[in-house]
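Working notes for the structure below.
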Amino acid sequence: MRKQLLFLVGAWIFFIGCAASERKEDKPTQSTLMINLISDATVNPHSSLMGIHLAEKAHNNGIKATIFLNVSGVKLLQPGADTIVFNNQSIVQALNKVAEKGVEVVACPHCMEALGIKKESLPAYVKIGEEKVMMEKIRNQPTVFTY
């Protein structure tokens, strides 16, 4: 009887340990994609549009997507950027469209400052990529594509 009890207690501890090791509480619960859009759309609009389209496709497939306008990517926020086109498609209109669908758009504050872009001039959907915002994104372990 004692051997049976010890066996049952040992088996119970083993199964509890296995179940606990299978829990991954630090893993994100939803797939996330971050498009690190660094391209200068005034020079290479195709690259910028490709990044925006990938974010849209991810969003349409249930993947949380963020476009991070970084380095020269913030040029899409400058006055006159609405005239940048590729294959007869406005890059800024494409960005507006995905933002309306729910793709998050975040801008690098340092890059904006370097190009003289003021926070007050940003579309309402653009978030500023302050440290807290970006650290939360990194904690979610996104897949990152750079365009």
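In this chain, numbering begins with 1 at the start of the sequence shown. Atom set for the values below is all heavy atoms of this structure, side chains included, hydrogens, waters and symmetry mates excluded.
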With heavy-atom distances below 4.5 Å as the criterion, would you say the side chains of [X] and [Y] are in contact?
| X | Y | result |
| --- | --- | --- |
| Leu69 | Leu95 | yes |
| Glu113 | Lys119 | no |
| Lys118 | Glu120 | yes |

List the residues meeting side-chain hydrogen bond (donor to acceptor under 3.5 Å, both in side chains) with [X], not counting sequence neighbours, and say none if there are none.
| X | answer |
| --- | --- |
| Glu56 | Lys97, Lys101 |
| Asp82 | none |
| Thr143 | none |
| Lys127 | Glu104 |

*Phe86: partners by ring-ring contact (aromatic ring centres under 6.0 Å, His included), with sequence neighbours left out*: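 Expected list: His46.
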_Residue pair Asn70, Val106: steps toward the side-chain contact (heavy atoms from CB on, under 4.5 Å) verdict_ = CA-CA 9 Å; Asn70 193 14; Val106 179; over 6 Å; no
*asked:* So, using side chain to side chain contact (heavy atoms under 4.5 Å, CB included) as the criterion, who are the partners of Gln93 when residues are at least two apart?
replied: Ser90
*Hydrophobic cluster membership, Tyr147 vs Val144, 4.5 Å side-chain cutoff*: no
_If hydrophobic clusters are built by linking Ile, Leu, Val, Met, Phe, Trp and Tyr wherever their side-chain heavy atoms come under 4.5 Å apart, do Val74 and Ile35 end up in the same one?_
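Yes, same cluster.
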Measuring from [X]:[atom1] to [Y]:[atom2], what's the distance to the nearest 0.5 Å?
| X | Y | atom1 | atom2 | answer |
| --- | --- | --- | --- | --- |
| Leu76 | Leu49 | CG | CG | 10.0 Å |
| Ile63 | Thr32 | CD1 | OG1 | 9.0 Å |
| Met34 | Thr66 | CE | OG1 | 5.0 Å |

